[in-house]
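Scroll down for the structure; my scribbles are underneath it.
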Amino acid sequence: MIKKILSVCLLSIAFASAQIADDPYAYTSGAQEQETPVMNINHTDSDEPVFAISIHPVSMFILSLIDIPSIFLTIEGNLASHVSLITRPYFVWAEFSDSDEDLDIFLFGISEGLRFYLNEGHRGLYLSGHFNYDRVSLEYTYEGNSRDNIDAHANGFGFGFYIGHKFRSGHFTTSFDVGYVYSHYSTSAKAEDDVDRVATVGSGYDINYTFGFTF
């Protein structure tokens with residue numbers, strides 16, 4: 001009888017030891033439970049901003065020299081490690097008055113494109129392609145003879161390709177690019193009862209310098 005009891009005790013101890021060996025982190029009475037370290041392999045430390053807004057100071061300064069106020073912006077949103085969505089809205093307005101003449105001009109344009117960086121981090125050398133839209137309004141008023149009054153509008157569509165370089169330090173960013181743009185314009189001008197409609201095409205170089213901030 002004693003041999004049977006001893007055999008049962010030995011088998012019980014052997015079974016319990018096997019269970020503990022299978023799970024070395026199992027909690028046992030009187031021992032502190034061990035925690036398995038957790039690692040997040042998806043987390044990476046990065047200061048990469050996702051949004052930037054810049055102005056075009058040279059373009060705005062040159063137009064201001066001839067008393068034409070303007071706003072030129074570049075808005076950049078990161079899509080991938082090498083790719084950004086670029087939006088460039090611009091506004092130009094002017095009023096010229098003489099003793100008997102008035103000329104009002106308003107230009108709204110927007111350029112939408114994709115920018116491809118050769119390096120990660122949305123900085124350094126890049127290539128970009130853009131689609132452009134322009135809307136120009138012109139109103140000429142002559143007090144001496146209303147028949148000479150002119151009301152004209154023009155819509156332009158086009159595309160362009162650019163190469164440039166972007167520098168970023170902290171939250172400050174600046175860029176420079178040069179491109180070639182092709183545009184098609186349709187114009188409608190009205191003088192009294194006479195309406196003229198003209199379509200024209202044009203192409204040329206476009207140079208941009210920007211500075212701004214990232215967020």
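Values in this document were obtained by computation on a predicted structure and should not be read as measured data.
Taking all atoms of both residues into account, the shortest heavy-atom contact from Tyr142 to Glu101 is CD1-CG, 3.6 Å. Closest non-hydrogen pair, Gly170 versus Thr214, comes out as O-OG1, 3.7 Å. For Leu125 against His165, the heavy-atom pair with the smallest separation is N-CD2, 3.6 Å. Nearest heavy-atom pair, Ser59 versus Ser70, reported as atom, atom and distance to 0.1 Å: O-OG, 4.4 Å. Among all heavy-atom pairs drawn from Tyr133 and Tyr90, the shortest one is O-OH, 3.9 Å. Among all heavy-atom pairs drawn from Ile207 and Phe176, the shortest one is CG2-CE1, 3.6 Å.
No path of Ile, Leu, Val, Met, Phe, Trp and Tyr side chains, each step under 4.5 Å between heavy atoms, connects Phe157 with Phe131, placing them in separate hydrophobic clusters. Hydrophobic clustering (ILVMFWY, side-chain heavy atoms < 4.5 Å, transitive): Phe72 and Phe211 are in one cluster. In the hydrophobic cluster analysis, where Ile, Leu, Val, Met, Phe, Trp and Tyr join through side-chain heavy atoms closer than 4.5 angstrom, Val92 is grouped together with Met60. Phe161 and Tyr117 fall into different hydrophobic clusters, where Ile, Leu, Val, Met, Phe, Trp and Tyr are joined by side-chain heavy atoms under 4.5 Å apart, directly or via other members. At a threshold of 4.5 Å between side-chain heavy atoms, the hydrophobic network of Ile, Leu, Val, Met, Phe, Trp and Tyr places Leu63 and Leu65 in two separate groups.
Atoms OG and CG, from Ser175 and Asn208 in turn, are 8.0 Å apart once rounded to the nearest 0.5 Å. Note: Asn132 CG to Tyr182 OH = 13.0 Å, rounded to the nearest 0.5 Å. We find the CG-OH distance between Asn155 and Tyr185 to be 10.0 Å, quoted to the nearest 0.5 Å. Atom-to-atom distance recorded for Ile53:CD1 and Thr173:OG1 is 12.0 Å, nearest 0.5 angstrom. Note that CG of Leu127 is 10.5 Å distant from CG of Asp177, once rounded to the nearest 0.5 Å. With rounding to the nearest 0.5 angstrom, the CG atom of Leu79 is 6.5 Å from the OG atom of Ser84.
Under the 3.5 Å distance criterion, with hydrogens and angles disregarded, a donor-acceptor pair is assigned to the side chains of Ser97 and Asp102. Thr74 and Ser54 share no donor-acceptor pair across their side chains, judged by distance under 3.5 Å alone.
Between Tyr180 and Tyr205, the angle of the ring planes goes over 60°, which puts this pair in the perpendicular group of the 30/60° scheme.
Checked options His130, Glu76, Glu112; the residue passing with Thr87 is Glu112 (criterion: side-chain hydrogen bond (donor to acceptor under 3.5 Å, both in side chains)). When each of His171, Arg168, His122 is paired with Pro49, the side chain to side chain contact (heavy atoms under 4.5 Å, CB included) condition holds for Arg168 and for no other.
In this structure, Phe96 and Ile68 have side chains that are in contact, with non-hydrogen atoms separated by less than 4.5 Å. At least one side-chain heavy atom of Leu85 sits less than 4.5 Å from a side-chain heavy atom of Leu114. Side-chain contact between Ile75 and Phe51 is present, with at least one heavy-atom pair separated by less than 4.5 Å.
Although no hydrogens or angles enter the test, the distance criterion places no donor-acceptor pair under 3.5 Å between the side chain of Thr210 and the main chain of Ile55. Here the side chain of Asp134 pairs no donor or acceptor atom with the backbone of Leu107 at under 3.5 angstrom. Between the His153 side chain and the Ser186 main chain, no donor and acceptor come within less than 3.5 Å of each other.
Figure legend: Arg88 and Tyr162 shown as a cation-pi pair, the cationic atom lying under 6.0 angstrom from the six-membered ring centre and within 45 degrees of its axis.
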